[in-house]
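Input: a single structure, listed below in structure tokens.
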Amino acid sequence: MVGNSEREIKLAVSDLRLFDVILNDPQLLERTQGTVAQTRNFEALYYDTASFSLQRQGIAYRVRREGQEWVATMKSDRSGGGGLVNREEWNEPVKGPDVAQLAFAGTHAGDRLKQAIGQEKLQVLFTTSFVRTTLLLHASGGSEVELALDRGTIWGGLGGTPICELELELKQGEVSQLLELAAWISARWHLSPEPLSKYARGLKLLQDGQQPILLPQQQTESACPATLTSLADCCIGELFVLQNAFLEQGAAPEMVRALRIQCRRLRSLLQFFQPKLKKESWQLHSDRLRQWGALLGAIRDLDVLNKAWNGFIDRFGPVVSASPLWRQILTERRDFLAEDVLHRLSRGELTQMIFELQAWLYREQESLENEETDASVDGFVRKTLLQATKQLREDLESVDAASGMKKLHKLRIKVKRVRYFQEALAPIPQYGDEDFLLSLRRVQTVIGKIHDAYQIKSLLDQVDAGGTDEKFMLEKELFLCWRNRQVTEQMFLLIKTKDELRKASKNRLRTLASLRSGKRDKGRHHTDPHEPAE
């Protein structure tokens, strides 16, 4: 922990036997420079008021026995996303778990804690009991990182949940080196980030016990600086949450779609910041994200086909087969692709790649801060979004229902890029615009359905279902004719949604111009000198 700022990465360990393997690994021991592992027992009590006033203020408060000593800890639960946790933390020795006399008296942390409690009393929410083994590691750049292996139990509600995790806490040095070390460890032992802290898992236990609990939020509605790393951290945090859900629930269609979108959202963020980043490194990380998008996209295409066929069966079931041969062939292909993605995720391949990307971004952010007086690059974000929205609005002018699929697909890509960048800016309230986002999604959906029809035909053309089998050919033609009718309907809908997006883009440009000029947006109908002409 540097000052009052705690920077750590938490990785889930699925098998306790891995602890001994890690602690005795020769390559890891080389990084200890002769320091010896230490093991201690920990018992902690987590507190809040009956109305959960601390939680509502983003505060976690515990008293923990560490060996023979008791330590009170106050943490800010508002933290950055990703496997990287960046939050405030205060520690103070106390005589025991009695909270009648609050710790941190006379300090900013103590005043904040007292104000959050008000006239209420603290009570125990849940407890933890675990054994921690620590090693001090030295990163290649000279940073010091404490590796901690925790095993034990969180007790709360009507039961408990196990603790089995590896933590990496930056004690001294650069965040980028902490992330690089996490990338190496996650790849070496096939680990994935643990998205929930012990505090959050304790609250979840109470929620499962049907107590009225609000789980802590990853983000806050307060203003967030438009730094490259802060925006990327938020995207990466959600990506890791989706990855864990993917591993737990399997490659269900909704999980494939969600993880693919998040990879694209992160890639769009990199694309918009490309002018400020080193080209070769940017290309490497962008290509890696594209490869994961392609892996998930191949599964997604088959899911779209399967969903479309189910709709066709619901309508024309009596005259076609419910399970034709080609469907069995494509199901086997999907299973193979899904198993490959699950295998890659379970080996920590995506985790390693994202940590390496995050480490690179932190190094790039340091360069930006050295080069620019405005480290938040707020002006760059406004300018970039303004230019992208203006270009999109011009592209909408040249598209109509008679446009070919190639032209529509290019427009769809531009719409998605703007949409994903706009969504990546969600932590910054001044950039919020739900009307604009809704219009972007509608156009993307309409063109997406048109594109899906072409993609479905391409997939069916690749299927070898008995050569010239007449039944297969007849069902295929009936299915494609039905889909083509739906495409015609979407073409007419495209005109309407395109016009809605043009209007929303005009309002968006006006708002962005107001931000750029330092003026406040006075409403949708306000005439601003920066407003683009129709």
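Because the structure is predicted, anything quoted here is derived from the model rather than measured. Throughout, residue positions are numbered sequentially from 1 according to the sequence presented.
Considering every non-hydrogen atom in both Y362 and S176, the closest pair reads CB-CB, 4.1 Å. In this structure, F126 and G156 approach most closely via the heavy-atom pair CB-CA, 3.9 Å. The shortest non-hydrogen separation linking F272 to R417 is CE1-O, 3.3 Å. For the residue pair P253 and R300, the shortest heavy atom distance occurs at O-NH1, 4.5 Å. Contact record, R64 with A44: CG-CB, 3.6 Å, taken as the closest heavy-atom pair. Residues S186 and F355 come closest through the heavy atom pair OG-CD1, 4.1 Å.
In terms of the side chain to side chain contact (heavy atoms under 4.5 Å, CB included) criterion, residue partners of A258 (sequence neighbours excluded) are, by chain and number, L242. For W282, there are no ring pair (Phe, Tyr, Trp, His ring centres under 6.0 Å) partners at least two apart in sequence or on another chain.
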(Q) As a quick check of understanding, evaluate salt bridge (Lys or Arg N to Asp or Glu O under 4.0 Å) for R7 and E169, giving each step before the final call. (A) CA-CA 6 Å; R7 293 173 174 176; E169 182 177 345; over 6 Å; no

(Q) Quick one, E167 with R132, criterion salt bridge (Lys or Arg N to Asp or Glu O under 4.0 Å). Give me CA distance, side-chain angles, the key distance, then yes/no. (A) CA-CA 10 Å; E167 288 185 3; R132 167 169 290 180; 3.4 Å; yes

Q: May I have the step-by-step check of side chain to side chain donor-acceptor pair (under 3.5 Å) for T133 and T39, ending in yes or no?
A: CA-CA 4 Å; T133 301; T39 299; 3.0 Å; yes

**Q.** From CA spacing to verdict: side-chain contact (heavy atoms from CB on, under 4.5 Å), F246, L345
**A.** CA-CA 9 Å; F246 197 109; L345 292 177; 3.5 Å; yes

Q: Verify side-chain contact (heavy atoms from CB on, under 4.5 Å) between R363 and E180, making sure each step is shown before the conclusion.
A: CA-CA 11 Å; R363 290 195 301 271; E180 288 170 345; 2.3 Å; yes

Q.
What verdict does the side-chain contact (heavy atoms from CB on, under 4.5 Å) test give for W184 and R31, after you've listed the backbone C-alpha separation in whole Å, the side-chain angles of each residue and the deciding distance to 0.1 Å?
A. CA-CA 12 Å; W184 179 75; R31 298 171 182 261; 3.8 Å; yes

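Between the side chains of Q262 and R265, at least one donor N or O sits under 3.5 Å from an acceptor N or O. Side-chain N/O atoms of E120 and S51 include a donor and acceptor closer than 3.5 Å. Side-chain contact of D433 with Q422: a donor-acceptor pair under 3.5 Å is absent, judged by distance alone. Defined by atom type and a distance below 3.5 Å, a donor-acceptor pair is missing between the side-chain atoms of S505 and T389. Side-chain contact annotation: T127 with E43, donor-acceptor N/O pair under 3.5 Å absent. N244 and E248 share no donor-acceptor pair across their side chains, judged by distance under 3.5 Å alone.
For E88 and R112, the salt-bridge test passes: some basic side-chain N is under 4.0 Å from an acidic carboxylate O. Between R151 and E165 there is no salt bridge, since none of the side-chain N atoms of the basic residue sits less than 4.0 Å from a carboxylate O of the acidic one. One finds no salt bridge joining R508 and D435 here, because no Lys/Arg side-chain nitrogen approaches an Asp/Glu carboxylate oxygen to under 4.0 Å. Taking the charged nitrogens against the carboxylate oxygens, E423 and R419 do have a contact shorter than 4.0 Å, which makes a salt bridge. Ion pairing between E364 and K276 fails under the 4.0 Å rule for side-chain N and carboxylate O. Using a 4.0 Å cut-off between charged side-chain N and carboxylate O, R87 and E8 make a salt bridge. A salt bridge links D287 and R290; the closest N-O separation between the charged side-chain nitrogens and carboxylate oxygens is under 4.0 Å. Using a 4.0 Å cut-off between charged side-chain N and carboxylate O, K171 and E144 make no salt bridge.
Residues R264 and I261 fail the side-chain proximity criterion, which asks for heavy atoms closer than 4.5 Å. Looking only at side-chain heavy atoms (C-beta outward), V63 and Y47 come within less than 4.5 Å of each other. Counting heavy atoms from C-beta on, the side chains of S192 and L11 never come closer than 4.5 Å. Counting heavy atoms from C-beta on, the side chains of F104 and D111 never come closer than 4.5 Å. Taking 4.5 Å as the limit, every side-chain heavy atom of I236 sits out of range of all side-chain heavy atoms of L84. Counting only heavy atoms from C-beta outward, the side chains of W292 and M353 approach each other to under 4.5 Å. Residues L18 and L191 meet the side-chain proximity criterion, which asks for heavy atoms closer than 4.5 Å. Under the 4.5 Å side-chain criterion, counting only non-hydrogen atoms from C-beta, I354 is in contact with L289.
No donor-acceptor distance shorter than 3.5 angstrom exists from the side chain of T32 to the backbone of L137, with no hydrogens or angles considered. At distances below 3.5 Å, not a single donor-acceptor pair connects side-chain atoms of D25 with backbone N or O atoms of V21. Under the 3.5 Å distance criterion, the side-chain polar atoms of T511 are matched with a main-chain donor or acceptor of N507. Although no hydrogens or angles enter the test, the distance criterion places no donor-acceptor pair under 3.5 Å between the side chain of S281 and the main chain of K278. Judged purely by atom type and a 3.5 angstrom limit, Q365 uses its side chain to pair as donor or acceptor with the backbone of L228. Distance alone, capped at 3.5 Å, places no donor-acceptor pair between the Q444 side chain and the V415 backbone. In this structure, the side chain of T35 engages the main chain of L136 through a donor-acceptor pair within 3.5 Å. The closest donor-acceptor contact from the side chain of R201 to the backbone of L196 lies under 3.5 Å. Counting only distance, with no hydrogens or angles, the side chain of S53 and the backbone of A116 share a donor-acceptor pair below 3.5 Å.
By the neighbour-count criterion of 12 heavy atoms within 6.0 Å, atom CZ of R441 is densely surrounded, having more than that number from other residues, nucleotides or ligands. Heavy atoms from other residues, nucleotides or ligands lying under 6.0 Å from CD of E280 number 12 at most. Heavy-atom neighbours of Q38 CD from other residues, nucleotides or ligands within 6.0 Å: at or below the threshold of 12.
With rounding to the nearest 0.5 angstrom, the CG atom of D48 is 12.0 Å from the OH atom of Y61. Rounded to the nearest 0.5 Å, atoms NZ (K198) and CD1 (I163) are 5.5 Å apart. Rounding to the nearest 0.5 Å gives a distance of 10.5 Å between CZ of R65 and CG of L45. Note that CD1 of I22 and CG of L135 are 10.5 Å apart. Values are rounded to the nearest 0.5 Å. Atoms CG and CZ, on L269 and R267 in that order, are 12.5 Å from each other to the nearest 0.5 Å. Atom-to-atom distance recorded for L28:CG and I185:CD1 is 6.0 Å, nearest 0.5 angstrom.
Among L166, V145, L179, V85, the one residue that satisfies the side-chain contact (heavy atoms from CB on, under 4.5 Å) test with I9 is L179.
Taking the six-membered ring where the residue is Trp, F273 and F380 present tilted rings, their angle falling between 30° and 60°.
Under the ring-ring contact (aromatic ring centres under 6.0 Å, His included) criterion, no residue pair touches residues 142-168, with sequence neighbours excluded.
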